[in-house]
Amino acid sequence: MPFIPHTDADIAGMLDAIGVDNIDALFDEIPKELRATALDGVPAGLSEMEVTQLLQARARADGEPTCFIGAGAYDHHIPAAVWQIATRGEFYSAYTPYQAEASQGTLQVLYEFQSMMTALTGLDVSNASLYDGASALAEAVLMAVRSNRKVKQPRVLMPRTVHPFYRRTVASIVQHQGVELIEVDFDARSGQTSVEHCEAVADEPFAALVVPQPNVFGVLEDVDALTDWAQARDALVIGVVNPVALALLSPPGDWGQVGADIACGEGQPLGMPLASGGPYLGFLCCKQAFIRQLPGRIAGKTEDLEGKVGYTLTLQAREQHIRRSKATSNICTNQGLLVTAATIHMAILGAEGLERVAAACHANTARLAQQLCAVPGVEPIFSAPAFHERALRLPAPTETVLAALAEQDILGGFDLGREYPELGSALLVCATERRTDPEITAYREALASAVALANAA
Amino acid sequence: MLIHEHSRPGRRASAQAPLETADYGDLPQALRRKRRAALPEVSELQAVRHYTRLSQQNFSIDTHVYPLGSCTMKYNPRACNSLASLPGFLARHPAAPESHSQGIMACLHELQDMLKSVTGMHAVSLAPAAGAQGELAGVMMIRAYHDARGDHGRREMLVPDAAHGTNPASAIMAGFTVREVPTGSNGDVDIAALRAAVGPQTAGIMLTNPSTVGVFDRNIQAIAKSVHEAGGLLYYDGANLNAILGKVRPGDMGFDVIHMNLHKTFSTPHGGGGPGAGPVGVSKRLEPYLPIPVVIKGDDKRYHWLDEDDRPESIGRLTAFGGNMGILLRAYIYARMLGAEGMRRVSEFATLNANYLQARLREAGFQLAYPERRASHEFIVTLKKEAKELGVNTMDVAKRLLDYGYHAPTTYFPLLVPECLLIEPTETEPKEALDGFVEAMIRIRAEAESDPETVKQAPHSLPLRRLDDVRAARQLDVAWKPAADNA
């Protein structure tokens with residue numbers, strides 16, 4: 001019996017203590033006609049060895065392609081210590097730290113994580129995580145609408161340069177909460193969201209403007225101008241940021257005259273493997289003034305009976321288990337284990353290590369773009385400066401080219417044309433610090449033949 | 001001591017990042033950071049030692065009995081972690097083409113099928129990232145169903161007063177109002193009150209069965225009939241699925257939509273507060289509204305994703321990349337090791353353990369909240385007598401249990417039972433662990449009689465004494481700041 005320790009003698013003794021003849025009798029309050037007979041869709045159990053063989057074959061089946069896709073999930077090196085420590089049973093198999101005295105390890109990690117995220121974003125406070133970057137943006141939008149005391153209209157400007165999956169996630173999650181999401185177009189030449197494009201859709205008051213940095217094309221937005229423009233109209237500013245990029249780029253807390261009000265994003269680049277899209281971690285930081293509208297767990301510092309420093313979950317009156325239907329969000333379980341990994345990752349790399357990672361990704365992507373643009377007909381789409389991703393125009397259908405590259409175990413990038421038809425045959429590429437010069441050269445050669453093949457067909 | 005306090009300017013773990021800083025001179029000066037973020041500067045050893053020591057300040061399943069009611073703290077098999085961490089799974093980019101994804105998609109598709117089978121539902125989406133997101137998806141599908149029929153008046157969601165707080169919070173996020181339904185004195189939903197509450201405004205009801213008071217609602221068929229006749233749908237909160245796995249199926253009880261907490265029933269780790277995974281299952285009429293992505297097996301025998309284009313009526317996308325895949329893999333591995341027979345044994349032994357512990361505590365003189373009822377996989381002890389006569393409340397007992405090496409059961413939930421302990425031992429605890437827990441409870445009560453201060457001041461043996469929650473909220477300090485910032 002997998003994972004069940006009971007011996008026959010245990011079972012007999014326990015049934016005797018309860019006063020029933022068999023285990024089945026314990027289900028006697030369940031109406032007979034409801035009792036299930038068979039589980040047709042569940043195969044017989046496997047031993048650990050058999051399941052290992054099965055999973056090894058499945059993992060092998062997906063190959064070991066070279067990855068040039070970014071688009072919200074990045075193939076960074078993860079120090080060996082990160083997951084060796086994070087998967088210690090004491091972290092891995094603990095629950096949400098409701099009993100603070102028995103959970104100081106987790107609680108202090110949460111406090112340290114919050115401290116590190118406020119340092120990276122330049123904002124005052126952070127929560128202890130949300131599910132992922134996209135759902136964090138949805139919570140940021142709801143939070144901004146609740147927090148803005150000057151503008152009561154639940155209207156939020158959402159640039160099209162925000163990752164399309166993020167925009168769709170936000171639209172799903174807020175669809176029944178009366179929030180109006182207004183799309184802002186971008187400049188076709190620079191790839192940036194300009195103040196003029198915002199002006200064009202801002203006839204009526206709006207509660208918040210979302211500002212991605214870098215945006216989905218890797219392009220750097222003029223965050224200072226956008227922030228000042230929105231705040232002059234009494235709107236709050238929500239930055240959507242990449243934490244590795246923040247090692248080099250101006251943090252949201254420094255944007256414009258007084259800084260963005262809220263920052264959120266995807267924590268995956270801080271020590272999380274790509275893993276098909278999750279588990280990752282969403283982060284959400286804000287100015288002190290908005291802390292009571294911040295959703296999710298927050299760890300706070302306190303003292304014990306003897307005055308010793310300790311940590312506990314705090315401001316729980318914001319949360320569903322206390323406030324029920326009046327809570328800031330329904331979130332309960334978050335991404336605790338990933339927070340542990342991200343905290344260890346940031347501690348080991350430090351600001352200087354993160355800077356090196358960011359610089360290496362940036363330089364590698366520049367090299368990649370330069371090499372790929374040596375293929376006839378391949379050219380950069382946008383003119384503005386970009387960080388660690390580039391949008392390229394291809395002289396052949398993106399889908400055909402990507403399929404040909406995949407046959408050579410090269411994942412060539414993210415098909416932008418599907419999401420932005422006006423860009424034509426467009427590809428978003430990324431080379432993190434892990435991509436080597438030979439891999440980049442191999443990509444260029446494969447791209448040249450894929451383009452030639454597609455055009456010959 | 002915080003990791004920040006181990007920091008010294010210029011110290012670093014330099015081998016973990018690229019050895020040289022590449023040129024980034026092309027990034028415009030105006031968009032660059034003016035000063036480095038105040039992250040700790042420590043060696044790898046310092047970080048390893050610091051976080052290893054912190055881990056040792058946690059109670060966890062691997063180190064302690066953890067009978068936290070409604071949380072299903074069962075053993076997390078090691079194989080699930082190591083196999084989900086195979087390089088092929090960890091390295092796969094979420095936007096990788098289907099040609100390089102057939103291995104994981106096979107696992108996900110089979111997991112969908114197994115979950116359909118154990119819940120008796122028609123179709124499953126694995127997308128929700130945790131239980132609360134599964135709840136939100138569930139009630140959004142109920143809304144989408146009514147809206148698609150032009151039935152726009154159904155804006156009220158019924159929620160029993162014993163429900164998890166996430167239920168009403170999720171209903172509000174889906175644009176419903178919430179009406180509470182009382183629990184009867186025998187632990188079942190008050191069926192007369194329910195019948196009086198349903199009507200043309202009823203969108204549905206959110207139920208946990210067995211409920212959060214630890215009993216199976218014997219009137220479930222009458223509840224289903226009453227809500228369905230009024231035109232509403234039934235939502236099943238799968239938090240307590242461990243109690244009935246392979247024994248009774250929510251689909252057979254009449255539920256239209258359910259979520260499952262894979263981090264409970266399917267033994268994926270809780271990780272100190274997540275990640276979870278909260279797949280949703282639906283009856284046939286709700287299938288078009290399932291959150292995307294969904295995996296299907298095509299006529300070509302290959303696996304394909306269904307996205308927005310394939311499912312135009314879907315409630316949509318809930319995270320950027322379709323959910324906590326690594327957790328879904330762990331659940332898949334666990335399910336394959338159990339098999340159908342193993343799944344039935346899960347609920348049988350979870351129920352055996354709970355009823356045994358209930359019988360032993362009753363025998364020892366503790367008061368049960370529902371003494372006439374069978375326990376499901378959990379049950380409630382109320383300490384109101386002890387609180388009144390000895391001045392020792394549930395929180396005191398919970399803290400004293402920590403001294404005896406047991407994580408406390410869930411305290412003060414559900415709110416309708418005063419001074420309650422919700423106790424869920426799970427099937428993976430041996431009999432002697434349960435006997436040890438009973439022994440500890442008996443000793444604590446004896447202490448409460450002879451020396452109540454010992455209990456009221458607990459814990460005594462942990463690194464910290466009892467923590468001041470009020471101070472944490474009043475003198476808010478939620479992030480360390482460098483000295484210069486504090487000046």
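These numbers were taken from a predicted model, which means no experiment stands behind them. A note on names: the letters A, B, ... follow the listed sequences, proteins ahead of strands, and every chain is numbered from 1.
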Check your understanding: Between A:Ala102, A:Gly350, A:Gly89, which shows the greatest number of heavy-atom pairs under 4.5 Å with chain B?
Key ->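 Among A:Ala102, A:Gly350, A:Gly89, the one with the most close pairs to chain B is A:Ala102.
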**Study point:** Most chain B-contacting option - heavy-atom pairs closer than 4.5 Å, from A:Ala61, A:Ala134, A:Ser325
**Key:**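 Heavy-atom pairs under 4.5 Å are most numerous for A:Ser325.
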Which atoms of [X] approach chain A - backbone, side chain, both or neither, heavy atom under 4.5 Å:
{"X": "B:Phe89", "answer": "both"}
{"X": "B:Leu90", "answer": "both"}
{"X": "B:Pro28", "answer": "side chain"}
{"X": "B:Leu338", "answer": "both"}
{"X": "B:Arg218", "answer": "both"}
{"X": "B:Glu308", "answer": "side chain"}
{"X": "B:Arg143", "answer": "side chain"}
{"X": "B:Glu41", "answer": "neither"}
{"X": "B:Glu341", "answer": "neither"}
{"X": "B:Thr63", "answer": "side chain"}
{"X": "B:Glu135", "answer": "neither"}

Practice item. Can you sort out the partners of A:Glu101 under salt bridge (Lys or Arg N to Asp or Glu O under 4.0 Å), two or more places apart, ordered by chain and number? Key: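 Salt bridge (Lys or Arg N to Asp or Glu O under 4.0 Å) list for A:Glu101, sorted by chain: B:Lys399.
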Looking only at side-chain N and O atoms, does [Y] offer a donor or acceptor that is under 3.5 Å from a partner on [X]?
{"X": "B:Tyr66", "Y": "A:Gln99", "answer": "no"}
{"X": "B:His64", "Y": "A:Glu90", "answer": "no"}
{"X": "A:Ser103", "Y": "B:Asn58", "answer": "no"}
{"X": "A:Arg88", "Y": "B:Ser55", "answer": "yes"}
{"X": "B:Ser101", "Y": "A:Asp62", "answer": "no"}
{"X": "B:Asp26", "Y": "A:His362", "answer": "yes"}

Atom pair [atom1] ([X]) and [atom2] ([Y]), whose distance is rounded to the nearest 0.5 Å:
{"X": "B:Leu27", "Y": "A:Leu220", "atom1": "CG", "atom2": "CG", "value": "6.0 Å"}
{"X": "A:Asp40", "Y": "B:Lys116", "atom1": "CG", "atom2": "NZ", "value": "12.5 Å"}
{"X": "A:Leu248", "Y": "B:Arg36", "atom1": "CG", "atom2": "CZ", "value": "10.0 Å"}

Residue selection (most heavy-atom pairs with chain A, distance under 4.5 Å) from [options]:
{"options": "B:Met73, B:Arg360, B:Glu44, B:Arg249", "answer": "B:Met73"}
{"options": "B:Arg33, B:Gln57, B:Arg344", "answer": "B:Arg33"}
{"options": "B:Gln56, B:Arg373, B:Glu429", "answer": "B:Arg373"}
{"options": "B:Ala22, B:Ala171, B:Ala408", "answer": "B:Ala22"}

Review point. So, do A:Tyr92 and B:Asp62 sit near enough that their side-chain heavy atoms are less than 4.5 Å apart?
Key: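 A side-chain contact is absent here, since even the closest heavy-atom pair is not under 4.5 Å.
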Review point. Is the shortest heavy-atom distance from the side chain of B:His4 to the side chain of A:Ser115 under 4.5 Å?
Key: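 Side chain of B:His4 against side chain of A:Ser115, heavy atoms only: contact under 4.5 Å found.
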**Study point:** Sub-6.0 Å ring centroid separation between B:Phe349 and A:His6
**Key:**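 Yes - the distance between ring centres of B:Phe349 and A:His6 falls below the 6.0 Å cut-off.
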Check your understanding: Is atom CD of B:Glu20 surrounded by more than 12 heavy atoms (other residues, nucleotides or ligands) closer than 6.0 Å?
Key ->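 For B:Glu20, atom CD is not crowded (no more than 12 foreign heavy atoms under 6.0 Å).
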Exercise for review: Classify the ring geometry between A:Tyr95 and B:His270 as parallel (under 30°), tilted (30 to 60°) or perpendicular (over 60°).
Suggested key: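 Rings of A:Tyr95 and B:His270: tilted, 30 to 60°.
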Check your understanding: Hey, what's the ring geometry for A:Phe3 with B:Tyr75, parallel, tilted or perpendicular (30° and 60° as the breaks)?
Key ->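 Aromatic pair A:Phe3/B:Tyr75 classed tilted.
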Does the [X] side chain pair with the main chain of [Y], one donor and one acceptor, at a distance under 3.5 Å?
{"X": "B:Asn355", "Y": "A:Leu26", "answer": "no"}
{"X": "A:Gln114", "Y": "B:Val478", "answer": "yes"}
{"X": "A:Thr169", "Y": "B:Leu318", "answer": "no"}

Point to revise | Lys/Arg cation over aromatic A:Phe27: B:Arg374, 6.0 Å, 45° cone | key: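 Output no; distance or angle outside limits.
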**Study point:** For B:Ala130, all residues meeting side-chain contact (heavy atoms from CB on, under 4.5 Å), sequence neighbours excluded
**Key:**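 Expected list: A:Tyr131, A:Thr333.
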Point to revise | Least distance between heavy atoms, A:Ala71 atom then B:Phe321 atom | key: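 Taking A:Ala71 first and B:Phe321 second, the nearest heavy atoms are O-CZ, 3.4 Å.
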